[in-house]
Amino acid sequence: MSTFHLYNSYTRQKEQFESITPGYAGLYVCGPTVSGESHLGHARPYITFDVVQRYLKHLGYRVRYVRNITDAGHFEEEGREAIDKVGEKAKLEKLEPMEMVHKYTSLFHYGMRLFNCEEPAIEPTATGHIIEQITMIQTIIEKGYAYEVNGSVYFDVPKYAANYPYGKLSGRILEDQLETTRELDGQDEKRNKADFALWKSAPPEHIQRWNSPWGEGFPGWHIECSAMSSKYLGETFDIHGGGMDLQFPHHESEIAQSTIAHGHPPVRYWMHNNMITINGKKMGKSYNNVIKLSELFSGNHPILEQAYHPMVVRFYILQTHYRSTLDFGNEALQGSERAFRRLWEAYELLQKLPSGDHAQAADATLDKQVNDWISEFADFMNDDLNTAKVLANMFELAPVINGIKGGQIASNALSADTMNLLKSSFKTYLVDVLGMQPLQAEQSGKLESVLSLLIEIRKDAKKRKDFATSDQIRNQLAAAGISLKDEKDGTVSFSIE
RNA sequence: GGUCGGAUGGCCGAGUGGCUAGGCACAGCUCUGCAAAAGCUGCUACAGCGGUUCGAAUCCGCUUUCGACCUCCA
């Protein structure tokens, strides 16, 4: 596709992306609830939407990327006992809510940096926008779509559904919702079962509480995203992203609230990434199969056979289309690690190859094939962010690069223009758009000089046919995690794990 | 129970009405003092049963089966 198309969850079809303000793109992504440590499941949306905002930038948009931090409690609807999740956990851990929130926010940021996710332009917190949320709730009350009971405020869903397409995003019908009745306590407050809280009166034991026109309480879960997204991106903005599990009720409620408060729907394009599963089951606290990011990176978890580098995880995630479920497995991750190493080596090799000065390609067929593969990078990204296909083409190109280096392909097979295009495109898509980084950090130079000494000694030994010595050097370095490779041209390269 | 989405080769996965995606693993070969890497070659699958079609893994129906959402959740 020649222009950027993305799958809009709201219309259930691929649509051409057109921003509201030409040249600018607004992106809002539901951020983490920082009442616990980030886990593997968090990696998927934030890596996915990092690529979205990187690609929008690549296309020339000035992007305002907003991702919130939920640091106020979420709580049950449906009349269950209103428990502030943040407050509750805080008691268990004997922490101040803000102390706990700060701790997990920092850990989240740490994980995002390791994944090489660029920082959002704005990262608003729910607790920092209580006023905005109260104001929005007041507007909804004034418009007649919310009511107060005992210090709590609820959104009138049936009234909304009578006038607006409630349930369109998540594909459900209000009547069905009403039928899935379960008898729960404390439901009397709400007029209708499907109503959701905009503001909840805080019981005495509740730690987080704010003054409001309805007494002391705390905001409902859905209102924060509506208040903050409209504040920073406008009443209607381009893209709203998040995990599929947020479609209902969270995003459906956002649409309802914003539509009433502002008079029009809030979002042009809804994007939802699919879930990560472990042995076919969604990862979640209730399944007891959560792998925290720190465990993933250290390998310290019963499911894990080894530690996995953040870049391997990122690569693994991008090898799958974001709307497919992604099943986690050691074998798959280990495969990704090898594959990524190979791809990255080819990339680095490519940048060192001379482009030559021959205007004509000696192998016109290969030259055209390479150009086709390159031009497909954009086509695939434009087709709803098909990162899997982009990577597949890179793996088509890797043997070409390695072949030129290894001599199986003539150095003048590709024209100088093609070589230059290959170099720049590979960098653009692998590094800038997909956001990949090398597995190993830059070396300090001291280690390199030591290694070059050992390599020289080994070269001498090989000249003397003293293979015992040369093999000893290579084997002991290998044991230390440094592998040597004798290249065809007589040089020796090394890589450090 | 309601709604929705899947079932692809040893594993992970893309995708399409007809033209072997890709990766990992595996086997052979080339290169090499030996390794490693790299290159070449091989491995050709789409849950089952019907139907539509010149042709279906791709469309339709049924069956089996897995999952997601309906409740905090990325």
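Predicted, not measured: the structure shown is a model, and the values here were computed from it. Every chain is numbered from 1, with letters handed out A, B, ... down the list of sequences.
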Got a second to check how far A/Cys225's SG is from A/Asn68's CG, nearest 0.5 Å? 4.5 Å

A/Arg342 side chain near B/A38 phosphate (N/O to OP1/OP2, under 4.0 Å): yes

Which whole-number value in Å describes the distance from A/Lys465 NZ to B/G33 P? 7 Å

Using the C1' atoms only, state how far B/C46 lies from B/G13, rounded to an integer number of Å. 13 Å

The Watson-Crick or G-U wobble partner of B/C24, with both key distances under 3.5 Å, is B/G10

Could you state the atom-to-atom distance from CE of A/Met244 to P of B/C70 in whole Å? 13 Å

Assess A/Arg67 against A/Phe49: is NZ or CZ under 6.0 Å from the centre of the six-membered ring, and within 45 degrees of the ring's axis? no

Is there a donor-acceptor contact under 3.5 Å linking the side chains of A/Tyr65 and A/Asp50? no

Just call it for A/Gln247: base, sugar-phosphate, or nothing, with non-hydrogen atoms closer than 4.0 Å on any strand. nothing

B/C29 -> Watson-Crick or G-U wobble partner, both distances under 3.5 Å, gives B/G39

Both A/Ile276 and A/Glu345 contact RNA chain B. Which one's nearest nucleotide lies toward the 5' end? A/Glu345

B/A35 P sits how many Å from A/Arg458 CZ, rounded? 13 Å

Under the criterion of centre distance below 5.5 Å and interplanar angle below 30°, is A/Phe467 classified as stacked on the base of B/G33? yes

Rounded to the nearest Å, what distance is computed from the CG atom of residue A/Leu246 to the C1' atom of nucleotide B/C4? 16 Å

What integer number of Å spans the C1' atoms of B/A57 and B/G15? 11 Å

Work out how far the C1' atom of B/U30 is from that of B/G67, and round it to whole angstrom. 47 Å

Looking at A/Asp383 and A/Lys389, does any basic side-chain N land under 4.0 Å from a carboxylate oxygen? no

A/Glu345 bridged to A/Lys485 by N-O distance under 4.0 Å: yes

Counterpart residues, side-chain contact (heavy atoms from CB on, under 4.5 Å), relative to A/Ala361 (two or more places apart): A/Asp367, A/Ser415

Indicate, with a heavy-atom threshold strictly under 4.0 Å, whether A/Gly41 touches base, sugar-phosphate, or nothing. base

Nearest to the side chain of A/Phe395, which nucleotide is it out of B/G22, B/A74, B/G15? B/G22

Answer with yes or no whether the side chains of A/Asp384 and A/Tyr322 bring together a donor and an acceptor at under 3.5 Å. yes

Closest to the A/Met283 side chain, choosing from B/G15, B/A74, B/A21: B/A74

Over all strands shown, is A/His39 touching base, sugar-phosphate only, or nothing at heavy-atom distances under 4.0 angstrom? base

From NZ of A/Lys389 over to C1' of B/G15, roughly how many Å is that when rounded to an integer? 5 Å

B/U58 versus B/A47 - spacing of their P atoms, nearest Å: 7 Å

Between A/Asn386 and B/G15, is there a contact of a side-chain N or O with OP1 or OP2 at under 4.0 Å? yes

Expressed as a whole number of Å, how far does the P atom of B/A21 sit from that of B/A74? 37 Å

Suppose we call a contact any N or O donor and acceptor under 3.5 Å apart; does that hold for the side chain of A/Asp486 and the base of B/C34? yes

Given atom NZ of A/Lys14 and atom C1' of B/U16, what is their separation to the nearest angstrom? 11 Å

Would you mind classifying the nucleic acid contact of A/Leu391 as base, sugar-phosphate or nothing, using non-hydrogen atoms under 4.0 angstrom? nothing

B/A68 pairs with which nucleotide, Watson-Crick or G-U wobble, both distances below 3.5 Å? B/U3

Touch class at under 4.0 angstrom, heavy-atom based, for A/Phe340 against every strand present: nothing

Taking only N and O in the side chain of A/Asn273, is any of them less than 4.0 Å away from OP1 or OP2 of B/A74? no

Please report the distance separating the P of B/A36 from the corresponding atom of B/A68, rounded so that it comes out in whole Å. 43 Å

Using atom C1' of each nucleotide, how far apart are B/C54 and B/G17 to the nearest Å? 12 Å

Considering just the side-chain nitrogens and oxygens of A/Thr33, establish if one lies under 4.0 Å of OP1 or OP2 belonging to B/A74. yes

So with a 6.0 Å cut-off around NZ of A/Lys423, is the heavy-atom count from everything else above 12? yes

Just name whichever nucleotide pairs with B/U44, Watson-Crick or G-U, keeping both distances under 3.5 Å, else none. none

N/O to N/O distances under 3.5 Å, protein versus nucleotides 9-13 of chain B:
{"residue": "B/G13", "atom": "OP1", "partner": "A/Asp327", "partner atom": "N", "Å": "2.9"}

Round to the nearest Å and state the distance from A/Trp344 atom CH2 to B/G23 atom P. 19 Å

When rounded to whole Å, the CZ to P distance for the pair A/Arg323 and B/A68 reads 19 Å

How do A/Lys282 and A/Pro45 order along RNA chain B: which one's closest nucleotide is nearer the 5' end? A/Lys282

If you check every side-chain atom of A/Arg474, which of B/C40, B/A25, B/G33 has the closest atom? B/G33

Can you tell me how far C1' in B/G61 sits from the matching atom in B/U53, rounded to whole Å? 16 Å

Whether over 12 other heavy atoms sit under 6.0 Å from A/Phe467 CZ: yes

Take atom CD of A/Glu119 as the centre, draw a 6.0 Å sphere, and report whether it contains more than 12 heavy atoms from other residues, nucleotides or ligands. no

